[in-house]
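The first residue in the sequence is number 1, and the count goes up from there.
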Amino acid sequence: MGARTGRDIGSEANFKRSESKLEELKADVNQVKADVDEVKADVKDIKRKLTVLTQDMMQHRADQLGLERRMDALDSRPQ
């Protein structure tokens, strides 16, 4: 084995920098994955709430139509 050349040392330094950047990138990717999972959970919650809101609105509209029919029937009765 011979002495290490400047080129070998430079290559090793480049490798270590690349390795360090790769670890940073992995951490960033893991954070993005966690953020995406959180957004997915939020969207699921919003969809659930919209479903409940839609059902409530439909029920209220049905009740309103029923009341309107009853009022029309009362209005059409002779006095």
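Residues Glu23 and Lys26 are paired through a salt bridge, judged by an N-O separation under 4.0 Å between the basic side chain and the carboxylate.
In this structure, Lys40 has no salt bridge (charged side-chain N to carboxylate O under 4.0 Å, His left out) partners at least two apart in sequence or on a different chain.
To the nearest 0.5 Å, atoms CG (Asp35) and CD (Glu38) are separated by 6.5 Å.
Taking 4.5 Å as the limit, some side-chain heavy atom of Val29 sits within range of a side-chain heavy atom of Lys33.
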Output side-chain donor-acceptor pairs under 3.5 Å for residues 47-62, partner residues at least two apart or in another chain, one line each.
residue	atom	partner	partner atom	Å
Arg48	NH2	Asp45	OD1	2.5
Lys49	NZ	Asp45	OD2	3.2
Thr51	OG1	Lys47	O	2.9
Thr54	OG1	Leu50	O	2.8
Gln59	NE2	Asp63	OD1	3.0
Arg61	NH1	Gln64	OE1	3.1

